[in-house]
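See structure below.
Counting starts at 1 for both ligands and their atoms, following the listed order. Keep in mind that this is a model prediction, so the values were computed, not measured.
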Amino acid sequence: MALLSILKYPDPRLNTVAEPVTEVNQEIRQLVKDMAETMYAAPGVGLAATQVDVHKQVIVIDVSEAKDELLVLINPEILESSGEAECEEGCLSVPGVFDRVVRSENVRVSALDDNGNRFQFDARGVRAVCVQHEMDHLKGIVFVEYLSRLKQERIARKMRKAERLAL
Ligand code: K1U
Ligand code: ZN
């Protein structure tokens, strides 16, 4: 297994639209393992392949307290959504920034697992927020892009400064 490097906002590679996975093979299973290890180490509750500069529709999520409920979503689709909820979000690609975003409260999701089998599930609460946040990454959208232009510019400046200081 390996820890992968996470792209930081405003890296333009975060705006790449991910391609569907055509075959769930050993290479994809290795990517899933590495992404899960990277998410747990960060620590985070989700990670999209886009964030590790792999532009394939692969997501890992674990919102459990014990960190023992890994959810692997390959080629995910939202079949139904209902309600509206405003939640505070964070992102491993925008460290130290948290802000409120309005999303659907409930979602019904269809995806492939890491054996290539399609399954469906209903998500609500944090899990629903996380699924939508990670699916946005696969579309090339970072949550801060829902905030005002002024906030986005401030965040981008803060991230660029942090990057310079880290060199
Ligand atoms: O996409 C990502 O960068 C992961 C992100 C997922 C997420 C969090 C909150 C709302 C929506 C989506 C994170 O995991 S940020 C870190 C975080 O929320 C967290 C870290 C440690 C413990 C609990 C939460
Ligand atoms: Zn994120």
Side-chain angles (χ1 to χ4, degrees), residues 1-19 21 28 31-78 81-109 111 114 121-148 151-156 158-160 162-163 166:
M1 290 206 281
L3 282 185
L4 307 171
S5 166
I6 299 176
L7 298 176
K8 298 294 182 304
Y9 180 83
D11 191 315
R13 288 173 289 181
L14 286 167
N15 299 118
T16 309
V17 177
E19 296 287 340
V21 171
I28 295 295
L31 172 65
V32 165
K33 282 187 184 150
D34 292 343
M35 284 175 59
E37 192 188 7
T38 304
M39 172 186 73
Y40 288 125
V45 292
L47 191 68
T50 309
Q51 294 175 275
V52 294
D53 204 19
V54 176
H55 302 288
K56 293 178 183 170
Q57 293 181 12
V58 179
I59 288 170
V60 292
I61 290 174
D62 191 343
V63 296
S64 70
E65 284 279 316
K67 298 290 160 215
D68 58 356
E69 290 175 30
L70 180 67
L71 186 59
V72 177
L73 306 179
I74 298 169
N75 298 349
E77 292 166 37
I78 291 185
S81 55
S82 63
E84 231 180 50
E86 192 183 45
C87 288
E88 177 119 312
E89 299 195 15
C91 182
L92 299 174
S93 294
V94 200
V97 173
F98 299 87
D99 216 320
R100 300 184 78 77
V101 176
V102 177
R103 305 229 184 233
S104 299
E105 196 173 8
N106 309 288
V107 287
R108 179 152 191 82
V109 182
D114 52 359
F121 65 99
D122 292 310
R124 53 185 290 279
V126 189
R127 189 185 295 234
V129 170
C130 201
V131 166
Q132 292 170 82
H133 176 113
E134 301 311 332
M135 285 184 68
D136 267 355
H137 276 303
L138 300 183
K139 295 176 205 148
I141 301 167
V142 181
F143 87 102
V144 296
E145 290 161 358
Y146 293 120
L147 308 179
S148 69
K151 277 191 180 178
Q152 287 180 51
E153 283 166 4
R154 280 194 192 138
I155 293 165
K158 180 177 158 182
M159 292 296 135
R160 288 196 188 100
E163 195 89 336

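In this structure, I78 CD1 and S104 OG are separated by 6.5 Å, a value rounded to the nearest 0.5 Å.
Less than 4.0 angstrom separates atom 22 (C) of ligand 1 from none of the non-hydrogen atoms of the protein.
From the protein, the heavy atom lying nearest to atom 10 (C) of ligand 1 is E89 CA, 3.7 Å. Atom 20 (C) of ligand 1 has its closest protein heavy atom at P43 O, 3.2 Å. Summary of contacts: the protein heavy atom closest to atom 6 (C) of ligand 1 is E134 OE2, 3.4 Å. When hydrogens are left out, the protein atom nearest atom 4 (C) of ligand 1 is G46 O, 3.0 Å; that is the closest non-hydrogen contact. When only non-hydrogen protein atoms are considered, atom 3 (O) of ligand 1 lies nearest to L92 N, 2.6 Å. Ranking protein heavy atoms by distance to atom 9 (C) of ligand 1, first place goes to G90 N, 3.7 Å.
Note: no N/O pair closer than 3.5 Å links E88 and ligand 1 by distance alone. Taking only nitrogen or oxygen atoms, main chain and side chain alike, G44 does not reach within less than 3.5 Å of ligand 1.
Proximity of V45 to ligand 1 is established by a heavy-atom distance of less than 4.0 Å.
Y146 and D136 are linked by a side-chain donor-acceptor pair at a separation below 3.5 angstrom, with hydrogens and angles left out of the test.
With ligand atoms numbered from 1 in the order given, ligand 1 contributes 1 (O) to contacts under 4.0 Å with heavy atoms of H137.
Remark: the backbone N or O of E163 is not paired with any side-chain donor or acceptor of K8 at under 3.5 angstrom. Of the possible donor and acceptor atoms, one in the side chain of E145 sits under 3.5 Å from a partner among the backbone N and O of V142. Here the side chain of E134 pairs no donor or acceptor atom with the backbone of V131 at under 3.5 angstrom. Side-chain atoms of D62 come within 3.5 Å of backbone N or O of E69 as a donor-acceptor pair.
Contacts with ligand 1 closer than 4.0 Å are made by side-chain heavy atoms of Q51 only, the backbone lying farther away.
Classification of R100 and E86 as a salt-bridged pair holds, one side-chain N sitting under 4.0 Å from a carboxylate O.
Residue P76 comes nearest to I59 through the heavy atom pair CG-CD1, 4.0 Å, listed as atom of the first residue, atom of the second, then distance.
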